[in-house]
Protein chains: 2
Amino acid sequence: MARTQGSHSDITGPKVREAALRLFARHGYAAVSMRQIAGEVGVQAGALYNYTPDKQSLLMDLMKGHMDELIAAWEHQSSARDPMAALEQFTRFHIRFHSKRPEAVFISYMELRNLNPENFIVIEALRRTYEDVLADILRAGVNKGEFSVPEPKVAAMAVIAMLTGVNTWYRDEGRLSLAQVEEIYWGMVRKTVAA
Amino acid sequence: MARTQGSHSDITGPKVREAALRLFARHGYAAVSMRQIAGEVGVQAGALYNYTPDKQSLLMDLMKGHMDELIAAWEHQSSARDPMAALEQFTRFHIRFHSKRPEAVFISYMELRNLNPENFIVIEALRRTYEDVLADILRAGVNKGEFSVPEPKVAAMAVIAMLTGVNTWYRDEGRLSLAQVEEIYWGMVRKTVAA
DNA sequence: GATTTAACTGAACATTCGTTCAAATCAATC
DNA sequence: GATTGATTTGAACGAATGTTCAGTTAAATC
């Protein structure tokens, strides 16, 4: 049994996913060929099939990996506190997490329609789980009289859309720092749901 | 010169654009073949080239058509009034206009990366024009002391993202009517920029 | 009813696609 | 240094891609 540690697959495997992430984000899943991915990795197309059973699984792994990371990261840093503090934490977390992985975010929003039906169901469920995190925060705030939102789930969708929108224009080299962006958005979110 | 009026092209031309709109929205530009479009129209693939010079132009026509319509529709119904009334008008207009053409909206947001460079520039300019409509309303409101937003352009992006997000979940058959959705979002937008 | 020409067919074009697989390669173990 | 097995190559597969075009069809004009 040769090469069980530090083998090439430890290098090539991640490189395949990174190349797929970059190319899918830039050109779209359907527009990227396995040969393009292989080219970025520095390997022939056939070698990719040591790391993924097919192209669809490659997409699914990227999307599921992103959603799992998102939910795990939130659960890890989320500390139970009052609704206002939880909302601020969620707002800042969402902006920071999403701005750090624009490619994965892009793919996860754009390539849903290229998932086969069973994969689609899985990703949709994860997305709903994340949306419900915010909806629950809003409901708690309404119960406490701190927030005023007629439809918590709708408000959650609105806030998430607003926050995710940062990715469409924010650039690290831009005029505003991420910390400034966080402040601006937290100000808007707070007012949006204010009682 | 036979068949200059009421010819088949008056029927087939629109059918081609409708089929392309539906299929591009459902499966994505890159995933849709000219033969699929032709199949929906009830014609062979070659016949499509009587109505578009190539696939790229078909996409560009749909996107430019949508953006032109959007801007023209706003300019047509926009009546110069105070910032608060203008913001309410913009909010309701955006939700109504976008909810009526979900496929064109979807394509215009998702297929930007499939435009060739010169087409991309055109669409981006139109999008900026529309964003600036809202940014100008916000600036006017700030000057009048009615709104409080530290960064009008950022706030405009946030509000547009929030409003466009309606399309991701709103369904005509759903629990909430479009009029109710309008009310909920106007309430949130008003608070978001409130002084 | 002959003529005209817009509209469309159907086949072909050179490429490219995702995927498979026998053979070659190469690094770690014995 | 021979052996082993993970890793990769390179060619091949059938199917599908966007686009072209000579030829056919059919509707409006004369």
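Letters A, B, ... are given to chains in the order of the sequence lines, protein chains preceding strands, and every chain is numbered from 1.
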ask   = Below 4.0 angstrom from OP1 or OP2 of dA7(C), is there any side-chain N or O of T12(B)?
value = no
Could you state the atom-to-atom distance from [atom1] of [X] to [atom2] of [N] in whole Å?
X	N	atom1	atom2	value
L48(B)	dG18(D)	CG	P	10 Å
I11(A)	dA27(C)	CD1	P	12 Å
Y51(B)	dT9(C)	OH	C1'	13 Å
I37(A)	dG18(C)	CD1	P	8 Å

ask   = Does anything in residues 110-122 of chain A reach DNA chain D, meaning a heavy atom under 4.0 Å, and if so which residues?
value = none
query = So which of residues 24-33 of chain B are in contact with DNA chain D, with a heavy-atom cut-off of under 4.0 Å?
reply =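 Output list: V32(B), S33(B).
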Name all pairs fulfilling the salt bridge (charged side-chain N to carboxylate O under 4.0 Å, His left out) condition that reach into [range], sequence neighbours left out, sorted by first residue then second.
range	value
residues 16-25 of chain A	R22(A)-E40(A)
residues 65-79 of chain A	K64(A)-D68(A), E69(A)-R101(A)
residues 116-131 of chain A	E124(A)-R127(A), E131(A)-K153(A)

key: Residue among F97(A), F90(A), W74(A) satisfying ring pair (Phe, Tyr, Trp, His ring centres under 6.0 Å) with Y130(A)   = F90(A)
ask   = Of the candidate nucleotides dC8(C), dT19(C), dT7(D), which contains the atom at the shortest distance from the side chain of N50(A)?
value =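 When the side chain of N50(A) is considered, dT7(D) is the closest of dC8(C), dT19(C), dT7(D).
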Proximal nucleotide (of dT8(D), dG18(C), dG18(D)) relative to the M34(A) side chain =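 When the side chain of M34(A) is considered, dG18(C) is the closest of dT8(D), dG18(C), dG18(D).
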Restricting both atoms to N or O, compile the protein contacts to nucleotides 10-13 of chain D shorter than 3.5 Å, with distance only.
residue	atom	partner	partner atom	Å
dA12(D)	N6	R35(A)	NH2	3.2

key: Intermediate values then yes/no, salt bridge (Lys or Arg N to Asp or Glu O under 4.0 Å), R171(B) and E173(B)   = CA-CA 5 Å; R171(B) 298 292 172 265; E173(B) 333 81 58; 5.8 Å; no
message = Tell me every residue that passes side chain to side chain contact (heavy atoms under 4.5 Å, CB included) with D61(B), counting only those two or more places apart in sequence or in another chain.
response = none
task = Supply the atom-to-atom distance L59(A) CG to N119(A) CG, rounded to the nearest 0.5 angstrom.
result =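 So the gap between those two atoms works out to 8.0 Å.
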request  = State the CD1-CD distance between I137(A) and Q89(A), to the nearest 0.5 angstrom.
outcome  =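 Those atoms lie 8.0 Å apart.
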task = Please list, by residue number, the residues of residues 53-65 of chain A whose heavy atoms come closer than 4.0 Å to an atom of DNA chain C; answer none if no residue qualifies.
result =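 Contacting residues: D54(A), K55(A).
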query = With a cutoff of under 4.5 Å between side-chain heavy atoms, which Ile, Leu, Val, Met, Phe, Trp and Tyr residues group with I121(B)?
reply = none
ask   = Apart from M110(A) itself, what residues make up its hydrophobic cluster when side-chain heavy atoms of I, L, V, M, F, W and Y under 4.5 Å apart count as a link, directly or indirectly?
value = F106(A), F106(B), M110(B)
Non-neighbouring partners of R92(A) that pass side chain to side chain donor-acceptor pair (under 3.5 Å), sequence neighbours left out =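 Result, side chain to side chain donor-acceptor pair (under 3.5 Å) vs R92(A): E88(A), E182(A), E183(A).
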query = Who pairs with E103(A) by side chain to side chain donor-acceptor pair (under 3.5 Å), at least two apart in sequence or on another chain?
reply =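 E103(A): no side chain to side chain donor-acceptor pair (under 3.5 Å) contacts found.
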query = Is there a donor-acceptor contact under 3.5 Å linking the side chains of H98(B) and T164(B)?
reply = no
